[in-house]
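Reviewing the structure listed below.
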Amino acid sequence: MTKIIIDIDTAVREITEGNIVALPTETVYGLGANALNENAVVKIFEAKQRPVFNPLIVHVHDTDEFEKYGKDIPDEVYKLAEKFSPGPITYIVKKKRIIPDIVTSGNDSVGLRIPSHEMFREVIKLSGVPVSAPSANRSGKISPTTAADVLKELDGKIDFILDGGKCKIGIESTVVSFLENEISILRHGYITREDIEKVTGKINIIKNGKIISPGQMKIHYAPFTPLYITEDADEIKNVLKERAAVLDLKKFADKREIALNLFSELRHLDEMKFEMIIAEKTDGEGIGAAINDRLERASSGKIKIINSKIRITE
Ligand code: TXA
Ligand code: MG
C-alpha cells in the first residue's frame, strides 16, 4: 500500500534507511533515494522500470556541495547558480568517484540540481545526503505534478509519497551541460536559452538533433491515448467530432501557465479515453521551446486534412 504523507521526518527516515520515497519539487514530483547508496538507487530504476542507460539527477542543498560530487566545475556554473538556483536548472559537470556509476549510468559526468521546494530541501538537509531523483512516473509516461498523480503512476510500487502540493512550475528542469568547455542545453525547461545567455553569452542547443542527454529519447511523456500535433486543431475537431479531444493551450493566459498545466491537462484528457488527442504547438519562443519539446515527445505524429480526409503526415 502506498501512503500519501505530509510529515518530513518519515521521508527523511526512508532516505537514510536506503529506501525510496516520492518527493515534491517545484518542477515535477521526483522519486528520491540516497545518491551515495547503490542499493537504494537500484530501487528507483526498478519502481520506474527505467532503462539503466538513463542517468539520474543528483539533488543537493546548496552550491557548497557541488565540489563534493562534481569536479573541474567552471565559473559559469556558479554564475548561473547565483541567479537561478535553488530552482529549475540542472548542471552537468564531470563527476567525482563518490557518486556510484549506477546514478550516472556509467557516464563520467553528473547532473547537479538545487531544487527550490522547501520540503525537498529540508529532506536533503536533514538526511545529510545528496538525493538522486528522476521524475516520479513510470518510464516514458507523463511526469506527475501532484501527489495524487504520483499515486496513479506508482501505486503499490513505493511506500510513501510526501505531499507538497501542486508543483509551481509543472515541467522539468532545464538540463545544461558544461562538458568539453562548451555550454549546451540538453533539455529545454523553464529557465530558457535567453535567460542563460544573459549570463554566459551564446550557448549551444542539442546539436543536429543528436541525442546527447541519454534521457532525451524520442517517445517520452506518452499518454495511452495517441496524441497528434496539428496546425489547426479546430479544423480537425470539426471532422472527428467527439472521437477526439483537443489539448487546448489557448485557454491559458501565458506560457508559464501552459507549462504549469500541461502535464495535468494531458493526464486528464488521457483518462477520458478518447480515440485521439490533438494539440497545436506554441510559437517556440521562451518557455515555448520546452513546451513544444514535451508535446513532440508525447506525440505519435502529425496530422492534417488533405482532400477533406485526415492524414497522418509524419
Ligand atoms: O525537474 C527535474 O529535473 C526533475 C525533478 C524531480 O528534479 N527530475 C527529472 O529527472 O526530470 P529525469 O530523470 O526524469 O530526467 C533527467 C534528465 C534525463 O534526460 C537524463 O538523461 C538527464 O537529465 N541527465 C541526468 N544526468 C545526466 C548526465 N550525467 N549526462 C547527461 N544527461 C543527464
Ligand atoms: Mg522524467
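- Note that the CD atom of Glu26 and the OG1 atom of Thr145 stand 13.0 Å from one another [nearest 0.5 Å].
- With no hydrogens or angles considered, a side-chain donor-acceptor pair links Arg113 and Thr27 at under 3.5 Å.
- Taking the centre and axis of the six-membered ring of Phe224, the NZ or CZ atom of Lys141 falls inside the cone set by 45° and 6.0 Å.
- Two residues are said to be in side-chain contact when any heavy atoms from C-beta on lie closer than 4.5 Å; Glu265 and Leu247 meet this criterion.
- Although no hydrogens or angles enter the test, the distance criterion places no donor-acceptor pair under 3.5 Å between the side chain of Asp270 and the main chain of Arg267.
- Taking CD of Glu38 as the reference point, atom CD1 of Ile99 lies at 11.5 Å (rounded to 0.5 Å).
- In this structure, the side chain of Lys255 engages the main chain of Glu285 through a donor-acceptor pair within 3.5 Å.
- Checking side-chain atoms of Thr230 against main-chain N and O of Lys304 turns up no donor-acceptor pair under 3.5 Å.
- For the 3.5 Å distance criterion, the side chains of Asn137 and Ser135 qualify, holding a donor opposite an acceptor.
- When hydrophobic residues (I, L, V, M, F, W, Y) are linked wherever their side-chain heavy atoms come within less than 4.5 Å, the members clustered with Phe160 are Ile5, Ile8, Val12, Ile15, Val21, Leu23, Met119, Phe120, Val123, Ile124, Leu126, Val129, Val131, Leu162.
- With Glu153 contributing its side chain and Arg138 its backbone, the two residues share a donor-acceptor pair below 3.5 Å.
- Within 6.0 Å of the CZ atom in Arg121, the count of heavy atoms belonging to other residues, nucleotides or ligands exceeds 12.
- The two residues Ile278 and Ala233 have their closest heavy-atom pair at CD1-O, 3.7 Å.
- Transitive grouping of hydrophobic side chains (ILVMFWY, heavy atoms separated by less than 4.5 Å) keeps Ile310 and Leu227 in distinct clusters.
- In terms of modelled atom types and a separation under 3.5 Å, the side chain of Asp293 and the main chain of Ala289 share no donor-acceptor contact.
- With sequence neighbours left out, the salt bridge (Lys or Arg N to Asp or Glu O under 4.0 Å) criterion links Lys152 to Asp149, Glu271.
- Within 6.0 Å of NZ in Lys96 there are more than 12 heavy atoms belonging to other residues, nucleotides or ligands.
- Separating the OG atom in Ser127 from the CG atom in Asp9 is a distance of 11.5 Å, to the nearest 0.5 Å.
- Within 6.0 Å of the CG atom in Asn181, the count of heavy atoms belonging to other residues, nucleotides or ligands does not exceed 12.
- Val246 and Leu240 fall within a single hydrophobic cluster, where Ile, Leu, Val, Met, Phe, Trp and Tyr are joined by side-chain heavy atoms under 4.5 Å apart, directly or via other members.
- Here the side chain of Arg256 pairs no donor or acceptor atom with the backbone of Leu260 at under 3.5 angstrom.
- With respect to the salt-bridge test (charged N to carboxylate O, under 4.0 angstrom), the residues Asp75 and Lys79 do not qualify.
- The line from CG of Leu179 to CG of Asp108 is 8.5 Å long, rounded to the nearest 0.5 Å.
- A distance of 11.5 Å separates CG of Leu151 from OH of Tyr29, quoted to the nearest 0.5 Å.
- Hydrophobic clustering places Ile312 together with Met276 (ILVMFWY residues linked when any side-chain heavy atoms are closer than 4.5 Å, directly or through intermediates).
- A donor-acceptor pair is defined here as one N or O able to donate and one able to accept, closer than 3.5 Å; such a pair exists between the side chain of Asn292 and the backbone of Thr282.
- Sequence neighbours left out, not one pair with a member in residues 136-159 passes ring pair (Phe, Tyr, Trp, His ring centres under 6.0 Å).
- Residue pairs that meet the side-chain hydrogen bond (donor to acceptor under 3.5 Å, both in side chains) test with at least one member in residues 232-243, sequence neighbours left out, are Arg243-Glu275.
- In this structure, the side chain of Thr2 engages the main chain of Ile158 through a donor-acceptor pair within 3.5 Å.
- Looking at Arg193, its side chain never comes within 3.5 Å of a backbone N or O of Gly286 through a donor-acceptor pair.
- The CE atom of Met1 sits 7.5 Å away from the CG atom of Asp155 when rounded to the nearest 0.5 Å.
- With respect to the salt-bridge test (charged N to carboxylate O, under 4.0 angstrom), the residues Glu231 and Lys302 do not qualify.
- Applying the side-chain hydrogen bond (donor to acceptor under 3.5 Å, both in side chains) rule to pairs touching residues 56-69 yields Glu67-Tyr78, sequence neighbours excluded.
- Around atom NZ of Lys43, more than 12 heavy atoms belonging to other residues, nucleotides or ligands sit under 6.0 Å away.
- With hydrogens and angles left out, the side-chain atoms of Ser177 and Ser184 include no donor and acceptor closer than 3.5 Å.
- Residues Ile303 and Leu249 fall into different hydrophobic clusters, defined by Ile, Leu, Val, Met, Phe, Trp and Tyr side chains chained together at heavy-atom separations under 4.5 Å.
- Crowding of Glu194 atom CD: a count of heavy atoms from other residues, nucleotides or ligands under 6.0 Å exceeding 12.
- Side-chain contact check for Lys95 and Asn107: no donor-acceptor pair (N or O, by modelled atom type) lies under 3.5 Å.
- Atom CD1 of Ile4 has more than 12 heavy atoms from other residues, nucleotides or ligands within 6.0 Å.
- The main-chain N or O of Lys309 is never found under 3.5 Å from a side-chain atom of Asn307 such that the two would form a donor-acceptor pair.
- There is a side-chain donor-acceptor pair under 3.5 Å between Ser143 and Glu172.
- When the side chains of ILVMFWY residues are joined at heavy-atom separations under 4.5 Å, either directly or via intervening members, Phe252 and Val28 end up in a single hydrophobic cluster.
- Partners of Glu122 under the salt bridge (Lys or Arg N to Asp or Glu O under 4.0 Å) rule, at least two apart in sequence or in another chain, do not exist in this structure.
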